[in-house]
Amino acid sequence: MSSKKGPKGRLQTKYKKNDILTVSITDIGSGGEGIGRKDGYILFVKDALIGDTVKVCITKAQKKYAYARLLKIEKPSEYRIDPPCPISKPCGGCQIQALRYDRQLAFKQDKVREDLIRIGGFEDDFADRILRPVIGMEQPYRYRNKAQVPVGMRGSEPVTGFYAGRTHYIVPMQDCLIGDAVNQKILKIMTDYMKENQVSAYDEETGEGFIRHVLIRSGRATGQIMVCIIVNGEKLPQEKELTEQLMHIPGMTSVSLNTNKEKTNVILGKKLRVLAGRPFIEDTLRIYQVVENPEKEVSFIPSEKEVRFRISPHSFYQVNPQQTEKLYSIALSFAGLTGRETVWDLYCGIGTISLFLARHAGKVYGVEIVPQAIEDAKENARINGIENAFFYTGKAEEVLPAYRERMRKEGSSEKVDVIVVDPPRKGCDRKCLDTILDIAPERIVYVSCDPATLARDLKILTDGGYELKAVRPVDQFAHTVHVEVCCLMSRVKD
Ligand code: SAH
């Protein structure tokens, strides 16, 4: 350890590479790594958990922080468990599977609270009053409805698995514990087929070989399953036999072949050929009635209403449908609709939230940047017989101001009652927020996948005349550090 002044009198790094020290882990970083503090110095330690005391070796030292490798857990956290998935460590997909699930939830709750206070500038008391307890899963495994599994060779053996770290090396895996149990069966059929027919796997480095990925999607409510085989070619050897075998799996609804001959890490190519069944599967999401008790605990009462979605290999669809139903039902209840309102749903994707809202609103306008998603949204409205949802392709920060301008020119008196936003991680564009403030809807519902940008945007909306009424985190991605949040804001009356 050294803490002396350098030649220019600047403080040198406190620790240097290869220093060994013991530290207590008190936080989780954005990549799931443990964070410890020693004499004001910050240490990032992969595979260490909140509550652990660990012996580490510094691998890279900067002025105020360092990365360190875990050498030994001196005293394990009382919340540390044996992760049920044997490959959770090399895989890295579930960054915090070794943390007891209730502590994962507590960590996510704290993160939202801290960001509200630190970035949003809300007072501690206020944050505690409006922040509701995070909604966790009862069974936090087997929730994902989508798997994109790379295929590779280990010597002469075809394997499916995941890339280790940032390498091209595939760690074999046929069953992922957060994925559907049927995946294992499908992947075994694929590797057996490759062995029997001497079909090669694609090699990312050389660009040679044939099978690249297997994409599997399932409709949780419908039981429908889709397999899409992504190949560096147009046709599979023994295509019919393989397809028949896959079609024998109960629920198999769609088997297709996607051609991707590009040297790219984008998984799907443009060209798709259906080998058996339909080109899509369907799933439904239930709309719940959301009832909150005075302790802010929530119960979800299933309603008769549901929305049906068509999912093709290219479609965007939330990966945890069980939690998505809850998240959207909360967004719907926050919107406070009576059936007459005009609602905008910005960043609408394939129209999932829009269609939930449309069942209870007068009119819904959805805006989304990806044209294919808007096509899917229109098709989804059609198959649900929803006629009061209208979709526009474009940037939220352009479509909304253009609408505002048009209304102004035409002297239209159309009132916007509610605006819902569900932006990507970087949050809303400033122009989009300013236009929302200009339109001044009664209520704003903000659905976010990043509490930090959410807090930043909530501050802008608060400064612009809105009051934050409720913040509800929902655990959409158990065992990862990600957290989804739904917020309600209400316009302060003049
Ligand atoms: N509400 C949807 C999708 C949310 S993901 C759902 O729950 O399924 C965020 C979406 O915003 C993505 O579909 C992305 O394509 C879209 N998007 C990103 N930037 C955008 C922008 N500037 N304007 C409109 N949509 C945008």
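Bear in mind the structure is a predicted one, so any value in this text is a computation, not a measurement. In each ligand, atom 1 is the first atom listed, and ligand 1 is the first ligand listed. Because only heavy atoms are used, hydrogens play no part in the values below, and waters and symmetry mates are left out as well, while side chains stay in.
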Point-to-point distance, once rounded to the nearest 0.5 Å, from SG of Cys486 to NZ of Lys326: 14.5 Å
Please state which part of Cys348 comes within less than 4.0 Å of ligand 1, counting heavy atoms only: side chain, backbone, both or neither. backbone
Could you check atom 3 (C) of ligand 1 against the protein and tell me its nearest heavy-atom contact, residue, atom and distance included? Tyr347 O, 3.6 Å
Just which atoms of ligand 1 are under 4.0 Å from any heavy atom in Tyr328? 6 (C), 7 (O), 8 (O)
Any idea which protein heavy atom is nearest atom 4 (C) of ligand 1, and the distance to it? Asp422 OD2, 3.3 Å
Of all protein heavy atoms, the one nearest atom 22 (N) of ligand 1 is Glu397 OE1, 3.1 Å
List ligand 1 atoms under 4.0 Å from Ala396, heavy atoms only on the residue side. 21 (C), 23 (N), 24 (C)
Evaluate the criterion salt bridge (Lys or Arg N to Asp or Glu O under 4.0 Å) for residue pair Glu234 and Lys271; output intermediate values, then yes/no. CA-CA 9 Å; Glu234 314 275 342; Lys271 198 166 158 195; 2.5 Å; yes
Determine whether a donor-acceptor pair (N or O, by modelled atom type, separation under 3.5 Å) exists between the side chain of Asn384 and the backbone of Asn380. yes
Under a 4.0 angstrom heavy-atom cut-off, which atoms of ligand 1 come close to Val370? 15 (O)
I'd like to check whether Lys395 has a polar contact with ligand 1, where a contact means an N/O of the residue lying under 3.5 Å from an N/O of the ligand. no
Side chain Asn232, main chain Gly209, donor-acceptor under 3.5 Å: yes
Going by the 4.0 angstrom heavy-atom rule, the piece of Tyr317 near ligand 1 is neither
Atom 8 (O) of ligand 1 sits nearest the protein heavy atom Thr352 OG1, 2.9 Å
Salt bridge (Lys or Arg N to Asp or Glu O under 4.0 Å) involving Glu379 - partner list, sequence neighbours excluded: Arg310, Arg382
Ring-plane angle category for Tyr317 and Phe309, please: parallel below 30°, perpendicular beyond 60°, tilted otherwise. tilted
Heavy atom of Pro424 under 4.0 Å from ligand 1? yes
Residue set satisfying side-chain hydrogen bond (donor to acceptor under 3.5 Å, both in side chains) with Glu282, at least two apart, ordered chain then number -> Arg308
So with a 6.0 Å cut-off around CD of Glu292, is the heavy-atom count from everything else above 12? yes
Determine whether the side chain, the backbone, both or neither of Ile369 has a heavy atom under 4.0 Å from any heavy atom of ligand 1. both
Touching ligand 1 at all, Gly394? Heavy atoms, strictly under 4.0 Å? yes
Atom 16 (C) of ligand 1: nearest protein contact (heavy atom, Å): Glu368 OE1, 3.2 Å
Would you check if Tyr202 and Phe210 make a side-chain contact, meaning some heavy-atom pair closer than 4.5 Å? no
